Amino acid sequence: MAIASAHPLATAADLKILDKGGNVFDAAVAVSAALTVVEPSGSGLGGGGYWLLHREKDGLETLIDGREKAPLAAHKDMYLDKEGKVIAKLSLDGALSAAIPGMPAGLVHLSKKYGKLPLAESLMPAIRYAQTGYAIGERYLKLLKFRSELLKQYPSTADIFLNDGKLPKPYSILRQPDLAKTLTQLAESGRDGFYSGTLPRSWSTVSKKRAVSGQKKILSLIRLSSGSR
């Protein structure tokens, strides 16, 4: 069996799940979740994705659409000022630029409908990477440098990815305990662990603080679809 991913640790997660008796769909969950931790620039729990599936035993072929969805409060003028002019970068950076994540719902759906192992089992490698940390490489640092000035505008984010406002040294260990907690909630409670309860309420509080005047409506995440369309 050939396995390919964008990061060696994600590939290792794949192998671990297969060794535990999981099928390729469990492995896909493990890889996706692991990339959330080790390659946040290309894959993330706060984003979305697609999973193209083929099941050999019966020839099933299907697509899971886990792309993000626009908030219910979004409207066509939300990035315009009072004069109807575009507010620079408002649609790119900050709270109002974010859509409602589809990745968590997609992982739950993929595991529940097509996998063999419990979701918690498939998410365990990613949780471990986030808790214990991993060595960041040159490519990671290059992408981090590209966004470092923006990260500095958000102290809580800078505290995770930067070292006293500066780029970390190559092969420094990056630990993400809050991400580990979020993945654990998803593992233990499925969709509700991400889209209900304390997690979305904390996002709502942060988003309201960062939103510009007149743009403070925040979506209830509970109404997000399963991630399969």
Side-chain angles (χ1 to χ4, degrees), residues 1-20 22 24-52 66-68 89 92-94 97-99 101-104 106-107 110-111 117 119-187 194 203:
M1 179 180 294
I3 299 170
S5 81
H7 196 286
L9 289 178
T11 300
D14 188 312
L15 289 168
K16 186 177 292 293
I17 294 305
L18 292 176
D19 287 344
K20 289 188 175 184
V24 293
F25 306 121
D26 296 310
V29 171
V31 168
S32 298
L35 288 174
T36 285
V37 181
V38 302
E39 196 201 38
S41 61
S43 177
L45 207 61
Y50 297 105
W51 293 265
L52 183 61
R67 288 298 301 182
E68 307 90 328
K89 295 187 177 182
L92 300 176
D93 301 326
S97 68
M103 175 71 79
L107 294 178
L110 177 57
S111 175
L117 299 179
L119 175 64
E121 192 77 37
S122 298
L123 293 180
M124 188 51 65
I127 294 171
R128 188 177 302 112
Y129 293 154
Q131 286 176 334
T132 62
Y134 66 97
I136 57 176
E138 296 288 351
R139 180 175 182 274
Y140 184 97
L141 283 174
K142 181 179 179 180
L143 294 170
L144 192 61
K145 182 179 180 180
F146 176 69
R147 300 293 281 175
S148 61
E149 291 305 313
L150 177 63
L151 294 177
K152 292 176 184 178
Q153 297 178 28
Y154 304 97
S156 59
T157 305
D159 287 343
I160 298 171
F161 297 105
L162 301 178
N163 186 3
D164 292 328
K166 300 178 181 179
L167 291 175
K169 295 181 179 180
Y171 306 105
S172 299
I173 301 301
L174 174 62
R175 296 180 178 86
Q176 301 173 80
D178 286 341
L179 178 56
K181 291 178 183 178
T182 300
L183 286 165
T184 299
Q185 288 181 222
L186 184 66
F194 189 88
W203 294 338

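Fair warning: this is a prediction, and the values are worked out from it, not measured in the lab. Both backbone and side-chain heavy atoms feed into the values below; hydrogens, waters and symmetry mates do not.
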### Task
Determine the minimum heavy-atom distance between A33 and L123, stating which atoms define it.
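Reported closest heavy-atom pair: CB-CD2, 3.5 Å.
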### Task
Indicate the atoms forming the closest heavy-atom contact of L117 with S122, along with that distance.
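For L117 versus S122, the nearest heavy atoms are CB-OG, 4.3 Å.
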The criterion is side-chain hydrogen bond (donor to acceptor under 3.5 Å, both in side chains); which residues satisfy it with [X], sequence neighbours excluded?
X    : result
D159 : none
T184 : none
S111 : none
K20  : E121

Atom [atom1] of [X] and atom [atom2] of [Y]: how far apart are they, to the nearest 0.5 Å?
X    : Y    : atom1 : atom2 : result
S97  : L92  : OG    : CG    : 7.0 Å
L167 : L151 : CG    : CG    : 9.0 Å
M124 : L183 : CE    : CG    : 10.0 Å
I136 : L144 : CD1   : CG    : 6.5 Å
L186 : L119 : CG    : CG    : 5.5 Å
L150 : K89  : CG    : NZ    : 8.0 Å

Would you please name every residue forming a side-chain contact (heavy atoms from CB on, under 4.5 Å) with [X], sequence neighbours left out?
X    : answer
A6   : L35, E39
A13  : A30, A34, P125, Y129
L143 : S41, R139

Anything under 3.5 Å between a donor and an acceptor, one on a side chain of residues 171-180, the other on a protein residue two or more places apart or in another chain? List them.
from: S172; atom 1: OG; to: K169; atom 2: N; distance (Å): 3.2
from: S172; atom 1: OG; to: K169; atom 2: O; distance (Å): 2.6
from: R175; atom 1: NE; to: T132; atom 2: O; distance (Å): 3.2
from: Q176; atom 1: NE2; to: V37; atom 2: O; distance (Å): 3.2

### Message
Taking CG in D19 as the centre, count heavy atoms belonging to other residues, nucleotides or ligands within less than 6.0 Å. Is the count above 12?
### Response
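It does: D19 CG has more than 12 such atoms within range.
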### Message
Going by salt bridge (charged side-chain N to carboxylate O under 4.0 Å, His left out), name the residues that satisfy it together with K152, two or more places apart in sequence or in a different chain.
### Response
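With sequence neighbours excluded, K152 shows a salt bridge (charged side-chain N to carboxylate O under 4.0 Å, His left out) to E149, given in chain and number order.
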### Query
Restricting to pairs with a member in residues 29-48, which pass ring pair (Phe, Tyr, Trp, His ring centres under 6.0 Å), not counting sequence neighbours?
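Matches after skipping sequence neighbours: none remain.
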### Pair D93 + R147, salt bridge at N-O below 4.0 Å
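R147 and D93: salt-bridged.
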With a 4.5 Å limit on heavy-atom distance, are the side chains of [X] and [Y] in contact?
X    : Y    : answer
F194 : Q185 : no
F161 : P168 : no
L107 : W51  : yes

### Within residues 27-37 or reaching into it, pairs that qualify as salt bridge (Lys or Arg N to Asp or Glu O under 4.0 Å) - sequence neighbours excluded
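Listed by first then second residue: nothing to list.
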#### Entry: Sequence-distant partners of F25, ring-ring contact (aromatic ring centres under 6.0 Å, His included), two or more places apart
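Listed in chain order: Y114.
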### Query
Is there a donor-acceptor pair under 3.5 Å between the side chain of D14 and the backbone N or O of V31?
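No, D14 side chain to V31 backbone: no donor-acceptor pair under 3.5 Å.
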### Query
Step by step, would you call K16 with R128 a side chain to side chain contact (heavy atoms under 4.5 Å, CB included)?
CA-CA 12 Å; K16 186 177 292 293; R128 188 177 302 112; 4.2 Å; yes
